[in-house]
2 protein chains.
Amino acid sequence: MTFPLHLAISEQLRDRILDGSYRSGDRLPSEHQIMAEFAVSRITARRAISNLTQQGLVTVQKGKGVFVATQQKVTYSISSPLTFLEADIALQGVTVTVQTLVFESVTVPIEVAAILKCSIAYLQKKVLLFNGIPGCVDVTYILPELGKAYEAELREQMTFTTLERHGMTIDKLDATIECTQADYETSEQLEVTLGHPLIVYRHTAYTDDRGAIVHGESISRGDRFCYSVSIDRNRSRDLSSIGTKNRVKDSELLESLY
Amino acid sequence: MTFPLHLAISEQLRDRILDGSYRSGDRLPSEHQIMAEFAVSRITARRAISNLTQQGLVTVQKGKGVFVATQQKVTYSISSPLTFLEADIALQGVTVTVQTLVFESVTVPIEVAAILKCSIAYLQKKVLLFNGIPGCVDVTYILPELGKAYEAELREQMTFTTLERHGMTIDKLDATIECTQADYETSEQLEVTLGHPLIVYRHTAYTDDRGAIVHGESISRGDRFCYSVSIDRNRSRDLSSIGTKNRVKDSELLESLY
DNA sequence: TTTGCTAGCTTGTTATAACAAGTCTAATTT
DNA sequence: AAATTAGACTTGTTATAACAAGCTAGCAAA
């Protein structure tokens with residue numbers, strides 16, 4: 001039960017990050033410097049850095065070095081207008097751009113058919129860019145009449161921004177939130193390393209008159225995004241004190257999302 | 001821009017897992033077998049396995065081998081009774097046990113004081129065991145009069161089980177959900193590897209007459225737990241179709257949590 | 001029969017070595 | 001002065017090697 005060298009070193013470096021010796025954005029010692037300072041081989045030095053990477057404390061840039069990661073996150077609010085909107089994210093000083101990869105009418109998988117209660121729907125696959133940087137991969141199924149009517153807008157904006165604009169207010173929302181780790185394909189799309197933590201938001205939105213109108217899955221970078229929920233038994237709409245804790249201050253986010 | 005060997009191998013093994021060649025619980029080829037099959041060094045073979053571990057596809061057991069991971073998750077529902085309860089998890093065939101590490105009256109940090117509107121509160125740190133296996137680390141601040149009155153029960157059950165039992169129904173709930181990665185301390189408590197994905201639930205619960213009564217943070221294993229939310233503008237209480245998608249069938253979960 | 005030990009499997013840790021490739025700066029060339 | 005190039009950094013990939021330590025099955029001793 002010996003304490004591994006690489007862990008001893010990464011814990012020591014971790015302490016320096018947490019106590020402020022290395023600040024957000026600072027460069028850590030290079031592999032060679034670690035080899036010298038702790039008198040270890042390169043394998044061990046790299047393993048120590050790898051430990052920090054896995055904890056999300058640092059990011060590595062080939063040819064440049066290892067840098068202390070910034071921790072601020074952008075908040076998706078799924079509370080009151082019952083869905084998140086561009087406007088809500090804009091409040092956090094972040095501009096969202098939609099890059100539609102796929103937008104076509106398809107025969108939906110049976111699970112989705114059971115939810116939307118139709119066998120044909122529009123399938124949209126898109127990448128959301130936040131201040132120009134990819135942060136979310138989204139796959140959404142939309143009722144055919146809505147997809148057809150609003151295609152042009154849906155291609156350019158977030159789904160619910162379009163729907164709200166056309167007077168479709170969501171009356172009910174079912175969602176699950178979980179986390180996963182990036183496989184190779186997703187790691188390429190979101191420009192992260194293999195195994196990077198991701199936060200998955202799976203949802204179904206309903207209106208009183210049409211039933212389920214949208215069903216989809218959003219996969220966002222776990223290091224940059226979080227969800228906030230506010231449920232109030234009395235007032236069904238309440239925007240106060242939602243996600244203030246993790247909100248990014250305007251000044252900080254430009255550097256936060258480099 | 002060459003495609004790394006280790007990635008080529010891990011992608012190939014990944015395909016075998018996804019197409020069912022290796023099933024849930026099966027053993028993958030050992031490092032030596034991979035070295036032979038793909039004609040690579042041990043470093044590369046280990047790196048390939050490490051890639052799969054990082055994607056959450058396999059778990060490694062020293063002295064035994066590499067095994068395909070089980071993917072089913074237990075769902076915390078934060079929808080209608082406004083908080084999750086033991087009863088709700090029991091529906092999924094999982095028994096929750098509470099292991100209280102700390103239960104004491106403390107001077108709260110200023111952020112918490114601002115929320116609870118008092119400077120002294122009970123601090124409870126606990127580990128939640130699911131079918132006897134650690135799955136969640138929880139830190140909760142509770143109003144002093146409640147902590148004092150219900151200490152015995154709070155030590156043994158989930159917080160809201162106790163509160164509901166004494167007629168304290170939650171009227172409002174603010175929460176954020178995000179994911180992080182295990183640091184060394186948490187990795188020991190939850191018996192996972194360093195950097196293991198975790199899902200963090202930070203919440204404040206309110207009652208109409210007392211205001212904020214509980215504020216806390218739950219850190220669960222991201223590979224075993226997810227959250228479900230259901231918001232309905234009309235009916236403020238509705239248990240139907242919550243988290244059915246990720247619900248574990250009774251038969252499956254015993255093996256799912258070994 | 002039961003216990004205990006050993007041999008051979010497994011993964012974990014660490015060292016040395018070499019080459020590839022991205023980044024930056026400073027010297028050189030145009 | 002501007003553009004190019006070279007060199008000295010950085011991290012990335014891969015190989016060989018050795019020892020430690022957890023697990024299991026089979027053999028031997030009690």
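Side chains included, hydrogens not; waters and symmetry mates left out as well; all remaining heavy atoms used. So you know, we letter chains A, B, ... as the sequences are listed, proteins then strands, and number each from 1.
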Return yes when atom CD of B:Glu185 has more than 12 non-hydrogen atoms of other residues, nucleotides or ligands closer than 6.0 Å, and no otherwise. no
Answer yes or no: is there a side-chain heavy-atom contact under 4.5 Å between A:Tyr184 and B:Leu7? yes
Looking at residues at least two apart in the chain, or sitting in another chain, which of them share a salt bridge (Lys or Arg N to Asp or Glu O under 4.0 Å) with A:Glu31? A:Arg42, A:Arg46
Rounding to a whole Å, what distance do you find between A:His32:NE2 and C:dT23:C1'? 16 Å
Output for pair (B:Leu57 CG, B:Asn51 CG), nearest 0.5 Å, gives 10.5 Å
Quick check for you: to the nearest 0.5 Å, what is the distance between A:Glu191 atom CD and A:Arg221 atom CZ? 8.5 Å
In whole angstroms, how far is the P atom of D:dT13 from the CZ atom of B:Phe3? 11 Å
Spacing between A:Ile9 atom CD1 and C:dT13 atom P, to the nearest angstrom: 13 Å
Just how far, in rounded Å, is P of C:dA17 from CE of A:Met35? 10 Å
Mind checking the OH-CG spacing from A:Tyr122 to A:Leu154? Nearest 0.5 Å is all I need. 10.5 Å
Whole angstrom value for the distance that separates P of D:dG12 from NZ of A:Lys64: 14 Å
Whole angstrom value for the distance that separates C1' of D:dT10 from CZ of A:Phe67: 9 Å
Positions of residues 37-53 of chain B (non-hydrogen atom under 4.0 Å from DNA chain C), listed by number: B:Arg42, B:Arg46
For the pair made of CD in A:Glu31 and C1' in C:dT16, what is the distance, rounded to whole Å? 15 Å
Please report the distance, rounded to the nearest Å, between CG in B:Leu5 and C1' in D:dA15. 11 Å
A:Lys62 vs B:Ser30, nearer the 5' end of DNA chain C by closest nucleotide: B:Ser30
